[in-house]
Amino acid sequence: MEFVFTEEQQMIGETAKGFFVENATSKRTRSAMASDGIDRDLWTGFCQELGLAGVTVPEIYGGAGLGQVEFALLAEAAGAQVAALPMVGLAMASQAILAGGTDAQKAAWLPKLVSGSVIAVCAGSADVTAQGDSLTGTFEFVPHGASAEVFVLGNDAGAWIVERSAPGVEVTAHVTMDQTRPLATVTLRNAHGDKLADGAAAMRAAREAGWICVAAEALGGAQEALDRTVAYAKERVQFGRAIGSFQAYKHRLADMMIEIEQARSAVYWAACAADEQSSDLPLALHAAKSFAADTYAKCAGDMIQLHGGIGFTWEHDAHLFFKRARAIQSMLGNGNWHREQVASMILGEAA
Amino acid sequence: MEFVFTEEQQMIGETAKGFFVENATSKRTRSAMASDGIDRDLWTGFCQELGLAGVTVPEIYGGAGLGQVEFALLAEAAGAQVAALPMVGLAMASQAILAGGTDAQKAAWLPKLVSGSVIAVCAGSADVTAQGDSLTGTFEFVPHGASAEVFVLGNDAGAWIVERSAPGVEVTAHVTMDQTRPLATVTLRNAHGDKLADGAAAMRAAREAGWICVAAEALGGAQEALDRTVAYAKERVQFGRAIGSFQAYKHRLADMMIEIEQARSAVYWAACAADEQSSDLPLALHAAKSFAADTYAKCAGDMIQLHGGIGFTWEHDAHLFFKRARAIQSMLGNGNWHREQVASMILGEAA
Amino acid sequence: MKLGFSAAEEEFRRECADWLNGQMAGEFKDIKGITTLTEKAERRKEWEQQLATHKWSCIGWPEEWGGRNATLAQQVIFAEEYARAGVPGRVNHIGVELAGPTLLAFGTDAQKKRFLPGIAAGQTIFCQGFSEPGAGSDLASVRTKARLEGDEWVVNGQKIWTSLAHISDWIFVVSRSEEGSKGPKGLTFLMMEIDQPGIEIRPIKQINGDAEFNETFFADAKCPADSLIGAVGEGWKIAMGLLAFERGVSTLGQQMGFRNELDDIIAAAKATGAANDPLIRQRIAKAEIGLQLMRYGAMRMLSNTDHSKIDGAALTYKIQWASWRRGLGELAMDIIGQAGEVAEGDAYEWSMLPNLFLYSRSDTIYGGTNQIQRNLIAERGLGMPREPRGDV
Amino acid sequence: MKLGFSAAEEEFRRECADWLNGQMAGEFKDIKGITTLTEKAERRKEWEQQLATHKWSCIGWPEEWGGRNATLAQQVIFAEEYARAGVPGRVNHIGVELAGPTLLAFGTDAQKKRFLPGIAAGQTIFCQGFSEPGAGSDLASVRTKARLEGDEWVVNGQKIWTSLAHISDWIFVVSRSEEGSKGPKGLTFLMMEIDQPGIEIRPIKQINGDAEFNETFFADAKCPADSLIGAVGEGWKIAMGLLAFERGVSTLGQQMGFRNELDDIIAAAKATGAANDPLIRQRIAKAEIGLQLMRYGAMRMLSNTDHSKIDGAALTYKIQWASWRRGLGELAMDIIGQAGEVAEGDAYEWSMLPNLFLYSRSDTIYGGTNQIQRNLIAERGLGMPREPRGDV
């Protein structure tokens, strides 16, 4: 029982942090926002130069063979800069294939995903039907769906790898509030899918990885929102005083820190529980997703408020945090849904 | 359209306020708390010397023939001192008899209620059955039930006047958190009731009067909790400064005032809507009861917090406010129930 | 105390409704239902001219200035019927609600004659030059300078958050006219024409993609010597007087806008099925109650004629509506879910509810942040010690 | 990072559980399940003696002082199994958790020998003399005076909120030993025997009807010269060191108490049907999540050995649990409804959940109010300017 990072983990975290602070600049992110919400150079750098995209993928598939704790450190660092990257797609698709794919499927796709040469996303929908390997149905609100070259798509009965280029695959890009992760609608009309060996395991692994990813992003974003506001509080003067000297302002900052520290416990509890496959994993995951998302929303909202007028401008980065936070709150099950899962574990289903 | 008090109303309010500040002292209230939660001298003074107990009762029955706005002013002033009085029993029982009683019942009871010579309470229960005028069933959590000499009791089918002394009436007093309004269980076993002419109208009027009464008490209590905390903030020194000079403290006080001003609008909107029988009366009543009760709970809790350790002692009066606030929150339908009524008006019943 | 309306007032309500509905069904059909501030601005100026012609533009103003000297109840009724009829808000709301009443209270007869008819008719559009980059919530630390040169004021400096400056004709400016003065002393309140070489407007793009606010730069901007309201050095007093008008009858119009937003949310809840979710039901009920309490709070503050005492309803009104509306935006998004994050077209443009979510983040900032509001409430309303100024 | 326990640790867990369950089923059956602080105090002192005899009293202490030098994981396991077995909390928790560690860190060998065995064995019960009537949250403005007269300290003044003073044998007192000193300077930390003519204890009745707190009066109270911990004038340093122990392994024991409270609430929700109310379900889920996050926050702060950096988990822990528990009390009452306002017997005495509602109002006050906590977090954790002291 040791709830601190190992030296290796600390190093990964610091490397990732340094990388994103240096490269995921506001200017580059805004340029990605103006196109499809992916900073391609950043993605290449992350996957190839940094070589960390496959942190959770076994070495035989080109990964590092580490775990969710290490991945959470990366997502936290990327989230802190609101980096425009298909991170959640990578996390979900790679874990799905890893957990439910055949050896051939793993060998065919994981190296490509990990190297960044193929962008993958993953989505589930109850509305999709399969006749053999022919799929028909609609997947709504697929993050970075319009940029993906391959999809891992699932329903209650199974999961399939579907290539963007296959006949019958139609993707509609949407202008999305969070421009760093535009949503798309993916429609399949008798499209060919390559069925995964264990679709249920794949989708479960995808969900878990997705929750950890966005929760860690939220943690990073919330902490960065606090850090930037703290910096502003020291420099901005109103009424002849640094605004950080106003007690009400200080207390708002303290409240952010109180939430963030809990979110940090939640995210790494969940990541570590995933790596150790401990029995409280479901509780940890629902806690992490719901708590970290709410923390981020609060902190990003406070970031705007505590910056005053400037925080409400397009020019300032506060809105990037705010919109990412909102997106994380609503994606992959909203807070009430996750808490209801927790309630069901404790209280049983509602009558 | 003039949402200010008339001169007469202002005078009634000031008279009542002066009366309760002078007479409903902490010492006297605590002495009542140690017995049955009624300050008898105060009640006599209120009913007879002040002559205001019958403010809503027509003059022919010994009242003043005024309305709910005037009554709310009294309840607000009494609530501000957490006066130990059977105010809500008076409000509900007198309105029930007035709205649903025969002329004979009105003539028999209203003058006694108004003069304070008889203490009355009112309660409803779905679990009571009537065979002719013989009633059997249990009424739980009846405020000041153990002190009442006469009950107005109702179920879905009607309402009855039941005398405490009648055979088959059993009253169990309970030690209650809010000792200024102890609860009792009233059990009827084939007890004789004098049926009101229009039980439904009686119980509706009782509920409305009860909601206005406790909402107005809550408003008075919340304002007094704020006023006393403001006084403390000016005098108490910590860290070499009046604690009221700490911005976080100031803002807590401001937050109390923000809620109280809304509660004030709610209470007098509801009282005035009752007097004018306007179409938004149900909305106003649910708003007033739920909002004022929550405001009181917040302000009384803040009163403890902002007094620090002393606020947590028995010796200080803060707990009287805190317990009264809690009692008001839970009695006559809790906040969620009232808000659900509002939701039903707007959204229809939930599917 | 009386909340209902008299028969005469109900008759007045019918008169208002008939006229407004007639207009919106007839000549001004094309502007019915517009909810943004600036859409079809030119047509809306024509509409405001029409209002002025029929003496419906500023009914609370004295008759000699085109008003009807309307009672409070009449003003309430008109505001309600105006919104109910789907009439768009006033393009010149700053002129009608702030500049006009300020002129009525503090202007000379010449100034009234010069400005009021144009304001009433939507011809003289005003914006407000209070905030500065270094003094967002702190009017007393204004640094924009004004000096009298001959028969002209010459103004240099910068204002920010000048809402609607890009469609305005005039701006009222609080500037420092006394060299070396500090705080609320030495300020002067000027009315300046915007279309001049010394004034430059730069729009500020907001987080919702719109640009309703602006930066306004003054470089030797000029106005005639008699453009000042009140006396030289009385700028603080005039500005404070003006801010009090923000809590006038116009709040009722603003509330009708809130009503529309909440009604949209209720409709969305019914459409999505969220109306069956007990958590959403509670929040909608709270929102409804909150809106009603704003209405009755406004009634209290408008009915109040005793200005010798602190008016708690008025003092707490700003933070109340701003916080309420911010919560409303969050409720809206929770009801519509991810669909609310997707724009309808190809542009970064938002329909009413997502826009509410984004835009309402500014409600708790402009016109005094929630933090400043709490200071004011504690200090003015409860007699707490003032926050000390620093000397940085 | 590792959250699971090793096989050896799981074996240790079985050992703990077996021994504790055996005791609670056997010789100490009569105290099993007690949740209050003082019920059957004498029997519980016997139990603490039993713990000491079997070296289970203070397993984290060094072996030479009766401990086991237990690892963090072992301490976590023991705390969990202790609570799980229904063993009552330590009567001498202030001695075991605060005085003991303080002596271990700052005491002389003689002091350790004198106090530690008695503390471990529940024979030397301690209480804490920090707060004063004029200095509730402000230790630096202590006014109780100590002067050295010959070989004795003589203490005069008053302490307040001395929890459990009425059942304690000793009190540690922070007092001003340097005449005219101000703030954190000139303070001295003394251990004083309570049973002496110069010390008077007056219980303070609380809002729940209990009297767990006291006022403690010192009128020429005395203790030998060597009763001071650290040096003369080092009282502030020792007190701050002691307060850090409040965030030690004992937090896990406290959390097990919270677990019991939440489990009671869950049971009540099932019994009343509130468990079917989606609003209650959300709040219970939030409470469960909050408790888990306290547990993992405590693990983080206990695992942390790098004391060169600010430990955010430790710094925010007090306000986190205090706010959580206050909310828990409100949740409890909302679930049990009016029944929670009625006492079971004829006395003003409260069962666990109503008592939680009342008592938890003090959680956000004692040991530094939530307001003070936020100051500390902003100032120490985020480098914000310190609140200026006044000179009133």
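Every chain is numbered from 1, with letters handed out A, B, ... down the list of sequences.
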So which part of [X] gets closer than 4.5 Å to some heavy atom of chain C, the side chain, the backbone, both or neither?
X	result
B:V69	side chain
B:S278	neither
B:F5	both
B:I260	neither
B:Y249	neither
B:Q262	both
B:E349	backbone
B:S344	both

Can you measure from [atom1] ([X]) to [atom2] ([Y]) and round to the nearest 0.5 angstrom?
X	Y	atom1	atom2	result
C:I319	B:H251	CD1	NE2	8.0 Å
C:M1	B:E276	CE	CD	9.5 Å
C:Q75	B:M1	CD	CE	10.0 Å
C:L293	B:R264	CG	CZ	13.0 Å
B:D275	C:K2	CG	NZ	13.0 Å
C:I289	B:L283	CD1	CG	7.0 Å

What part of [X] lies closer than 4.5 angstrom to a heavy atom of chain B: side chain, backbone, both or neither?
X	value
C:L315	side chain
C:Q373	neither
C:D306	neither

Among the options C:I266, C:V76, C:N375, pick out the one with the most heavy-atom pairs lying under 4.5 Å from chain B.
C:N375
Grab the two heavy atoms, one from B:A343 and one from C:A285, that are nearest each other, plus how far apart they are.
N-CB, 4.0 Å
Please report the shortest heavy-atom distance between B:S265 and C:R300, naming the atom on each side.
OG-NH1, 2.9 Å
Going through the checks in order, is the side chain to side chain contact (heavy atoms under 4.5 Å, CB included) test met by B:E2 and C:L3?
CA-CA 6 Å; B:E2 210 168 40; C:L3 292 178; over 6 Å; no
Write out, in numerical order, the residues from residues 208-232 of chain B with a heavy atom short of 4.5 Å from a heavy atom in chain C.
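Those residues of residues 208-232 of chain B which have a heavy atom under 4.5 Å from chain C are B:L226, B:V230.
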Out of B:D280, B:N336, B:T6, B:L253, which one racks up the most heavy-atom pairs below 4.5 Å with chain C?
B:N336
Among B:A271, B:A287, B:A266, B:C272, the residue with the most heavy-atom pairs under 4.5 Å to chain C is B:C272
Report, in residue-number order, which members of residues 377-387 of chain C are under 4.5 Å from chain B by heavy-atom distance.
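From residues 377-387 of chain C, the residues near chain B are C:I377, C:A378, C:E379, C:G381, C:L382, C:G383, C:M384, C:P385, C:R386, C:E387.
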In terms of heavy-atom contacts, does CD of B:Q277 have more than 12 from other residues, nucleotides or ligands at under 6.0 Å?
yes
Greater than 12 external heavy atoms within 6.0 Å of B:K17's NZ
no
Output yes when a side-chain donor or acceptor of C:Q320 lies under 3.5 Å from a complementary backbone atom of B:I258, and no otherwise.
no
Under a 3.5 Å distance rule, please check whether B:E261 uses its side chain to pair with a backbone N or O of C:T316 as donor and acceptor.
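Checked: no pair found.
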Determine, stepwise, if the pair C:R281 / B:R339 fulfils side chain to side chain contact (heavy atoms under 4.5 Å, CB included).
CA-CA 8 Å; C:R281 292 172 71 82; B:R339 284 185 291 270; over 6 Å; no
Fit a plane to each ring of C:Y296 and B:F3, take the angle between them on a 0 to 90° scale, and name the class: parallel (under 30°), tilted (30 to 60°) or perpendicular (over 60°).
perpendicular
Would you check, one step at a time, whether the test side chain to side chain contact (heavy atoms under 4.5 Å, CB included) holds for C:R374 with B:K250?
CA-CA 8 Å; C:R374 288 193 182 91; B:K250 282 163 64 174; over 6 Å; no
